[in-house]
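See structure below.
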Amino acid sequence: DMAGRKGAAAAGKPLTCCQVLRHRHEHSMWLVSNGGVFDATLFMHEHPVGPMPILRGAGRDNTDDMAMHSGAAQEIWQKLKIGHLKACPKRGFGYFVPPKEKCVIM
């Protein structure tokens with residue numbers, strides 16, 4: 001099952017909004033939440049209510065959607081993470097919420 005799947009080895013890979021938008025169909029579905037990019041292609045058919053909620057998330061920011069999920073569901077999201085959003089030279093972050101900057105002063 002997809003819940004046990006590890007994120008891609010390149011979980012820290014920077015991806016632009018243009019790259020993400022190429023993956024918004026049932027054969028390749030990437031979602032964005034909190035600046036992270038998640039490959040939900042294989043999981044969408046395992047989603048408890050079917051693929052429609054994931055298909056509706058195509059091409060838009062899903063930060064609010066992730067926040068409403070249980071802790072267990074958020075752990076599944078993290079296993080699907082393949083990268084993080086970076087600004088595109090032409091479109092910036094597009095319709096997606098940019099990742100929050102991490103504080104470097106501790």
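Bear in mind the structure is a predicted one, so any value in this text is a computation, not a measurement. Residues: numbered from 1 along the sequence shown.
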Original post:
Of all heavy-atom pairs between P14 and Q19, which one has the smallest distance, and what is that distance?
Top reply: O-OE1, 4.1 Å
Original post:
M66 and S33: which non-hydrogen atoms are nearest, and at how many Å?
Top reply: CB-OG, 3.3 Å
Original post:
Under a 4.5 Å cut-off applied to non-hydrogen side-chain atoms, are D39 and L80 in contact?
Top reply: no
Original post:
How far apart are the closest heavy atoms of G36 and K81, and which atoms are they?
Top reply: CA-CE, 4.0 Å
Subject >> Student check: side-chain heavy atoms of Q78 and F38 closer than 4.5 Å >> reply: yes
**OP:** Answer whether the closest heavy-atom distance between the side chains of W77 and H69 falls below 4.5 Å.
**Re:** yes
Original post:
If we only count heavy atoms from C-beta on, is the W30 to R22 side-chain gap below 4.5 Å?
Top reply: no
**OP:** Return the minimal non-hydrogen interatomic distance between A67 and Q74, and the atom names on each side.
**Re:** O-NE2, 3.7 Å
Original post:
Atom CG of L15 and atom SG of C88: how far apart are they, to the nearest 0.5 Å?
Top reply: 11.5 Å
Original post:
Are V49 and M52 joined in one hydrophobic group, where the rule is that I, L, V, M, F, W and Y side chains link up if heavy atoms are under 4.5 Å apart?
Top reply: no
Subject >> Verdict with reasoning, L55 to M44, per side-chain contact (heavy atoms from CB on, under 4.5 Å) >> reply: CA-CA 8 Å; L55 290 168; M44 94 173 100; 3.8 Å; yes
**OP:** Look at the rings of F43 and H47 and say which category their plane angle falls in: under 30° parallel, 30 to 60° tilted, over 60° perpendicular.
**Re:** perpendicular
Subject >> Closest approach of A87 to F93 (non-hydrogen atoms, all atoms of both residues) >> reply: N-CE2, 3.5 Å
Subject >> T16 OG1 to R91 CZ distance, which is reported to the nearest 0.5 Å >> reply: 9.0 Å
Original post:
Which pair of non-hydrogen atoms, one from V97 and one from L85, has the smallest distance, and what is that distance?
Top reply: O-CD2, 4.1 Å
Subject >> Interatomic distance, D61 atom CG to F96 atom CZ [nearest 0.5 angstrom] >> reply: 7.0 Å
**OP:** Any chance you could lay out the side-chain contact (heavy atoms from CB on, under 4.5 Å) test for I76 and E46, step after step, and finish with the verdict?
**Re:** CA-CA 11 Å; I76 292 170; E46 292 185 22; over 6 Å; no
Original post:
In Å, rounded to the nearest 0.5 Å, how long is the span from CG of L42 to CE of M29?
Top reply: 12.0 Å
**OP:** Look up atom CZ in R24 and atom CG in L31, then write down how far apart they are to the nearest 0.5 Å.
**Re:** 12.5 Å
Subject >> Heavy-atom donor-acceptor pair, D64 side chain to N62 backbone, under 3.5 Å >> reply: no
